[in-house]
There are 2 protein chains.
Amino acid sequence: MSITIEDVAKAAGVSRQTVSRVINGKPGVKPAVREKIETAIAELGYVPNLAARRMGGARSFLIMAINDRERTIENWAAGHGNDWVDQMLYGGMLACEARGYHMLFELIDTETGKAVEQVRRVLTSLQPDGIILTQPHSENPELAALLRERGRPFARIALPDANSDALCVHFDDAGAARAAVDHLTGLGHRKIAFLAGDRSYEASLVRREGYGDAMKDAGLEPLIAEGGYSFDKAGAIARDWLENGGPTAVIAENDEMAFALLHVASKLGVEVPEQLSLISFEDTPGARFAVPPLTAIRQPTAAMIARACELLMDAAEGQPANGDHCLPFDLIVRETTGPAPR
Amino acid sequence: MSITIEDVAKAAGVSRQTVSRVINGKPGVKPAVREKIETAIAELGYVPNLAARRMGGARSFLIMAINDRERTIENWAAGHGNDWVDQMLYGGMLACEARGYHMLFELIDTETGKAVEQVRRVLTSLQPDGIILTQPHSENPELAALLRERGRPFARIALPDANSDALCVHFDDAGAARAAVDHLTGLGHRKIAFLAGDRSYEASLVRREGYGDAMKDAGLEPLIAEGGYSFDKAGAIARDWLENGGPTAVIAENDEMAFALLHVASKLGVEVPEQLSLISFEDTPGARFAVPPLTAIRQPTAAMIARACELLMDAAEGQPANGDHCLPFDLIVRETTGPAPR
DNA sequence: TTGGCAATTGTGAACGTTCACTATTTATCC
DNA sequence: GGATAAATAGTGAACGTTCACAATTGCCAA
């Protein structure tokens with residue numbers, strides 16, 4: 001029914017295997033023959049069948065990204081969307097398709113027992129050439145063990161793990177926190193608060209540390225509050241601060257909390273940035289449409305996934321990679337930061 | 001190396017084919033035998049290999065969603081993200097995994113010649129069981145012809161096509177526009193404008209029509225402006241309106257334009273909703289965090305994709321579906337609509 | 001020439017399923 | 001109880017690749 005390698009071989013007057021070699025870009029084919037085969041492929045419009053390829057023992061050309069089921073669904077259900085997922089797609093799809101791979105997303109349960117079983121299943125059913133692990137799965141040693149045991153290349157989107165040389169892609173959370181502080185001190189602020197998210201989120205701890213260190217270096221007193229990444233919690237904290245002469249500048253760990261600050265400030269008649277400066281650590285699409293547009297740290301999410309894909313495809317093609325890869329972030333200055341009030 | 005159907009067959013003391021029947025839920029297996037096989041599957045932790053399954057001539061368990069490459073990448077590059085894609089994932093992934101399928105995304109060029117070739121390629125390389133076509137591919141007759149010729153079930157996320165009974169999933173664009181108008185007239189507004197997007201986008205035309213009809217029915221004069229879905233264009237129009245006693249209420253076709261209105265209103269000291277009411281036709285996550293939060297039409301994007309997946313999986317399993325499926329929308333009243341000023 | 005080695009090309013088997021049959025068992029009816 | 005049909009179970013081949021190895025070709029030096 002569909003055109004097979006056999007058809008191409010016949011048309012070019014060679015054997016299957018030679019055609020296969022050409023398709024896979026393997027050496028050991030005379031230029032003249034290669035060209036003849038390429039012509040035949042083009043003329044017949046031959047496209048290899050991935051399932052058969054995989055059956056023959058080759059790659060599946062699938063890169064699988066694994067996300068936390070609970071959190072992802074929760075965000076969707078709450079109508080917050082998952083800009084994170086969208087960014088993953090941005091980086092991952094383009095990187096993959098450039099090399100003929102496809103990107104597949106899977107939602108995996110948080111609970112470790114379930115997670116291991118679910119990953120085992122997708123591993124054997126789909127046989128992806130590489131796996132990308134995001135929070136919190138990237139910090140699950142059982143998952144790493146399973147993947148290592150199966151000999152599947154995987155990349156963790158997470159901070160480097162001291163007792164493992166597994167491939168890991170991340171950005172400088174601490175440096176970004178420091179950059180935010182520096183930007184604000186540069187504007188003359190001295191009461192700078194950090195509106196943090198969740199302690200169970202490892203990157204959050206590192207950001208707190210970066211913030212703390214930067215404040216200490218500037219001779220300032222740190223002030224950390226727990227906002228739980230939530231609009232309401234952050235709003236309550238903001239109200240308390242704004243009504244009682246709190247900080248003149250706030251670094252919020254995500255956009256939702258930043259929006260809450262904006263909201264409360266607007267309600268209380270506090271002008272941004274004249275009376276309050278604000279930096280978000282997330283920069284979702286909404287950030288630039290806020291009133292006023294949010295100054296924000298832009299995490300290189302798409303770039304991290306793209307890099308992870310690259311490394312995994314390299315590994316699938318016999319160039320195993322490991323170690324950690326740190327990507328640069330941006331501090332995008334929009335309109336929520338300004339000189340400290342006097 | 002990995003556990004095969006053969007292993008299960010041996011463990012249960014039956015043949016391959018019987019195990020296969022059980023896996024595929026086919027009839028004609030005695031309950032006792034079925035149970036024995038299921039036990040063996042569970043004990044061995046057997047998981048079928050999808051590539052082999054496909055090779056054997058069965059389904060691929062893949063549903064492929066096709067998006068417009070240019071627009072999608074443009075949105076990503078501009079930092080606007082693609083909430084649309086995120087919503088597709090929401091609906092699609094969950095629907096698929098519930099029945100053991102996987103959802104795959106592909107970016108396909110807008111130009112029709114390229115599109116047909118690219119779709120042909122993914123069709124033969126991945127052999128998906130069903131294809132979801134979104135704008136503008138959903139309106140490309142060549143693509144539809146290709147898919148029909150190949151006998152691949154496909155669903156268009158688009159308005160029904162009069163001269164085709166192809167499967168089609170959509171929502172009531174005209175009705176939503178009317179609902180927006182009705183909400184505003186109910187609040188006493190009489191100068192209601194429609195800030196439209198792109199004429200090349202078929203749904204936009206239908207929305208204009210719905211708006212126009214509703215205005216006529218209310219005995220009001222329609223006022224349509226072309227905002228091209230762009231922040232800047234919409235901002236210019238908004239400035240003109242607000243400075244020259246324009247409409248007291250605006251329906252914007254997407255959030256970005258609505259944000260522009262909010263932005264300009266804030267700049268000009270025009271109070272929302274006291275002096276200007278605003279409804280968006282999109283409702284991305286940013287809408288609820290805007291100041292003030294946007295009243296919006298909520299399109300059932302996730303639900304449409306989920307429905308499309310369901311229908312395609314049914315088709316893959318021998319229950320071909322066609323005709324059009326219209327899903328309900330929501331008008332979510334937040335804080336940008338209020339009584340008309342006097 | 002001719003032998004030998006490297007480069008190139010070809011061959012049969014295998015991958016893990018399902019398909020299209022065939023064979024066997026079980027139930028039904030008179 | 002036997003014949004017949006229906007239900008259940010099993011078998012070899014096929015799907016389209018790649019693998020591992022075997023066969024051929026070409027080239028160079030002796």
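Just so it is clear, the values below take in all heavy atoms, side chains as well, and ignore hydrogens, waters and symmetry mates.
- Between the CD1 atom of A:Ile23 and the C1' atom of D:dT18 there is a distance of 10 Å, given to the nearest Å.
- Distance CG (A:Leu50) to P (D:dT18): 10 Å, rounded to an integer number of Å.
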Identify each atom pair where a protein N or O and an N or O of nucleotides 13-15 of chain D are less than 3.5 Å apart, giving names and distance.
residue : atom : partner : partner atom : Å
D:dA13  : N6   : B:Arg16 : NH1          : 3.0
D:dC15  : O2   : B:Met55 : O            : 2.4
D:dC15  : O2   : B:Gly56 : N            : 3.3

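- Contact between the side-chain N/O atoms of A:Lys26 and the OP1/OP2 oxygens of D:dC19 is found at a separation under 4.0 Å.
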Tabulate atom names and distances for all N/O pairs under 3.5 angstrom spanning the protein and nucleotides 21-23 of chain D.
none

Considering only distance and modelled atom types, tabulate donor-acceptor pairs under 3.5 Å from the side chains of residues 102-109 of chain A, sequence neighbours left out.
residue  : atom : partner  : partner atom : Å
A:His102 : ND1  : B:Glu106 : OE2          : 2.6
A:Glu106 : OE2  : B:His102 : ND1          : 2.6
A:Asp109 : OD2  : A:Gln118 : NE2          : 2.7

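- The side chain of B:Ser15 contributes no N or O atom lying less than 4.0 Å from OP1 or OP2 of D:dA9.
- In this entry the distance linking NZ of B:Lys10 with P of C:dG16 reads 12 Å, nearest Å.
- Note: CZ (A:Arg59) to C1' (D:dT18) measures 12 Å, nearest angstrom.
- Annotation: the span from A:Ser125 atom OG to A:Arg120 atom CZ amounts to 10.0 Å, rounded to 0.5 Å.
- Here the OH atom belonging to B:Tyr46 is positioned 13.5 Å from the CD atom belonging to B:Glu38, to the nearest 0.5 angstrom.
- Salt-bridge formation is detected for the pair A:Asp314/A:Arg99: a Lys NZ or Arg NE/NH1/NH2 atom is positioned less than 4.0 Å from an Asp or Glu carboxylate oxygen.
- The bend of the helix from C:dT1-D:dA30 to C:dC30-D:dG1, defined by the angle between the axes of its first five and last five pairs, stands at 30° to the nearest 10°.
- One distance of note links CD1 of B:Ile5 with NZ of B:Lys10; it measures 13.0 Å at 0.5 Å rounding.
- In terms of the side-chain contact (heavy atoms from CB on, under 4.5 Å) criterion, residue partners of B:Ala315 (sequence neighbours excluded) are, by chain and number, B:Pro153.
- In this entry the distance linking CD1 of A:Ile41 with P of D:dG16 reads 16 Å, nearest Å.
- Residues A:Val47 and B:Gly13 both approach DNA chain D. Their nearest nucleotides, taken by heavy-atom distance, put B:Gly13 toward the 5′ side.
- Distance alone, capped at 3.5 Å, is enough to place a donor-acceptor pair between the A:Asp7 side chain and the A:Thr4 backbone.
- By the 4.0 Å N-to-carboxylate-O rule, B:Glu310 lies too far from B:Arg307 to be salt-bridged with it.
- When each of A:Thr301, A:Asp68, A:Asn67 is paired with A:Trp84, the side-chain hydrogen bond (donor to acceptor under 3.5 Å, both in side chains) condition holds for A:Asn67 and for no other.
- Between the CG atom of B:Asp129 and the P atom of C:dT18 there is a distance of 13 Å, given to the nearest Å.
- Rounded to whole angstrom, the span from the CD atom of A:Gln127 across to the C1' atom of D:dT18 amounts to 14 Å.
- For the OP1/OP2 pair of D:dG10 and a distance below 4.0 Å, the side-chain nitrogens and oxygens of B:Thr18 include at least one atom meeting the criterion.
- Listed nucleotides: D:dT17, D:dT8, D:dG10. Nearest to the side chain of B:Lys30: D:dT8.
- Nucleic acid contact class of B:Pro27 (heavy atoms, under 4.0 Å, all strands): none.
- Between A:Cys309 atom SG and A:Ile132 atom CD1 the span is 3.5 Å, to the nearest 0.5 Å.
- Rounded to the nearest 0.5 angstrom, A:Arg59 CZ and A:Arg54 CZ are separated by 11.0 Å.
- Scored by the ring pair (Phe, Tyr, Trp, His ring centres under 6.0 Å) test, A:Tyr90 finds B:Trp76 as partners (sequence neighbours excluded).
- Here the P atom of nucleotide C:dT18 and the CD atom of B:Glu317 are 14 Å apart, to the nearest Å.
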